[in-house]
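Reviewing the structure listed below.
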Amino acid sequence: MFYLILIAVIFLTEWKIKNYIEKNKEMHKKEEILNGNIVIERYHNKGAMLNFLENDVKTVKTISLTLLGVLLLIFVLILPKKGDKLLKVALSFILGGALSNVYDRFSRGYVVDYFSFKFLKKIVFNISDICIFLGSALAAVRSLFKK
């Protein structure tokens with residue numbers, strides 16, 4: 001149950017933040033916070049990571065939905081098995097972020113990105129992206145140390 005709650009918390013938190021950003025922030029207007037280390041900026045990403053295939057939205061939607069389906073299938077198969085908590089947490093982070101971004105793609109036609117780091121000002125992220133990265137990193141670490 002914990003893993004499903006984690007997925008739901010990521011999805012719902014992102015949904016609220018993205019709706020706030022859409023309603024309250026102007027496109028491409030940068031606002032620095034935390035001594036300029038984080039930059040808040042409303043950005044619409046129609047492509048995949050780093051706007052890859054931004055002119056082929058249909059392909060991006062198809063790929064996103066297919067990958068989400070594969071991840072959901074893996075999660076459903078692994079969830080009832082005992083143990084492997086790190087993999088379950090990793091998949092929960094990935095699924096929470098992926099569900100949020102896929103939801104955006106189909107409901108808005110783009111993914112709402114809204115922050116960047118001082119050292120990466122040209123790349124705009126959202127929390128879902130961070131969750132996908134974190135979950136992928138956890139899964140990679142788990143695979144390195146799995147017997």
Side-chain angles (χ1 to χ4, degrees), residues 1-79 84-144:
M1 191 64 152
F2 166 78
Y3 307 105
L4 297 175
I5 291 170
L6 180 57
I7 292 168
V9 165
I10 292 167
F11 179 86
L12 292 172
T13 300
E14 264 294 75
W15 181 74
K16 288 187 75 82
I17 292 170
K18 288 175 177 179
N19 283 336
Y20 174 83
I21 294 293
E22 286 288 275
K23 290 177 185 169
N24 297 294
K25 301 293 179 185
E26 292 179 39
M27 277 295 270
H28 306 296
K29 184 178 179 188
K30 297 181 181 195
E31 174 187 338
E32 293 184 358
I33 61 172
L34 298 176
N35 296 324
N37 291 312
I38 295 180
V39 178
I40 304 297
E41 174 186 2
R42 180 175 157 205
Y43 183 82
H44 294 165
N45 183 356
K46 293 182 180 177
M49 184 178 69
L50 300 173
N51 279 333
F52 180 68
L53 292 173
E54 70 180 317
N55 294 322
D56 195 355
V57 175
K58 184 177 179 184
T59 299
V60 173
K61 284 182 176 181
T62 302
I63 292 169
S64 298
L65 198 57
T66 302
L67 290 174
L68 178 62
V70 169
L71 282 168
L72 280 169
L73 179 61
I74 292 168
F75 184 73
V76 166
L77 293 173
I78 289 173
L79 190 60
D84 221 346
K85 292 179 182 178
L86 185 59
L87 180 59
K88 291 175 185 176
V89 168
L91 287 172
S92 298
F93 273 104
I94 295 168
L95 280 170
L99 280 168
S100 175
N101 283 345
V102 169
Y103 175 81
D104 269 9
R105 277 192 207 297
F106 283 88
S107 66
R108 303 178 200 265
Y110 53 84
V111 174
V112 177
D113 289 331
Y114 51 85
F115 77 91
S116 60
F117 298 105
K118 182 179 185 176
F119 58 92
L120 289 174
K121 286 189 179 181
K122 300 232 182 234
I123 302 173
V124 184
F125 302 89
N126 59 39
I127 290 175
S128 294
D129 297 335
I130 301 298
C131 288
I132 293 167
F133 176 80
L134 178 62
S136 300
L138 287 173
V141 166
R142 175 240 175 227
S143 72
L144 289 174

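When reading the values below, keep in mind they use all heavy atoms of this one structure, side chains included, and skip hydrogens, waters and symmetry mates.
- Nearest heavy-atom pair across I123 and S116 is O-CB, 3.0 Å.
- Taking all atoms of both residues into account, the shortest heavy-atom contact from K88 to I78 is CE-O, 3.3 Å.
- F75 and S92 make their closest contact through CE1-OG, 3.7 Å (heavy atoms, listed as atom of the first residue, atom of the second, distance).
- Although no hydrogens or angles enter the test, the distance criterion places a donor-acceptor pair under 3.5 Å between the side chain of D129 and the main chain of N126.
- Taking each heavy atom of K18 and S100 in turn, the nearest pair found is NZ-OG, 2.9 Å.
- Atom NZ of K30 and atom NZ of K25 lie 14.5 Å apart (nearest 0.5 Å).
- Here the CD1-CG distance, from I5 to L12, works out to 11.5 Å after rounding to the nearest 0.5 Å.
- One distance of note links CZ of R108 with CD of E22; it measures 5.0 Å at 0.5 Å rounding.
- Nearest approach of G97 to I10, heavy atoms of both residues: N-CG2, 3.7 Å.
- Taking CD1 of I17 as the reference point, atom CZ of F115 lies at 9.0 Å (rounded to 0.5 Å).
- Side chains of N45 and D104: a donor-acceptor N/O pair is absent below 3.5 angstrom, by distance only.
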Check the pair R42, E26 against salt bridge (Lys or Arg N to Asp or Glu O under 4.0 Å), reporting the backbone distance first and the verdict last. CA-CA 6 Å; R42 180 175 157 205; E26 292 179 39; over 6 Å; no
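- Listed here is the closest heavy atom pair of I38 and L34: CD1-CD1, 3.7 Å.
- We find the CG-CG distance between D113 and N101 to be 7.0 Å, quoted to the nearest 0.5 Å.
- By the 6.0 Å contact criterion, CG on N35 is open, its count of non-hydrogen atoms from other residues, nucleotides or ligands being 12 or less.
- Note: Y103 and F11 have perpendicular aromatic rings, judged against thresholds of 30 and 60 degrees for the angle between ring planes.
- Each of L71, D84, I7 was checked for a side chain to side chain contact (heavy atoms under 4.5 Å, CB included) with L91, and the lone residue meeting it is L71.
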Verify side-chain contact (heavy atoms from CB on, under 4.5 Å) between I40 and I33, making sure each step is shown before the conclusion. CA-CA 7 Å; I40 304 297; I33 61 172; 3.9 Å; yes
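- Residue pairs meeting the side-chain hydrogen bond (donor to acceptor under 3.5 Å, both in side chains) criterion with at least one member in residues 64-79, sequence neighbours excluded, are S64-R105.
- Sorted by first and then second residue, the side-chain hydrogen bond (donor to acceptor under 3.5 Å, both in side chains) pairs involving residues 5-15 (not counting sequence neighbours) are E14-Y114, E14-S128.
- Ring pair F119/F117 is parallel by interplanar angle, where below 30° counts as parallel and above 60° as perpendicular.
- Rounding to the nearest 0.5 Å gives a distance of 5.5 Å between CG of L86 and CG of L138.
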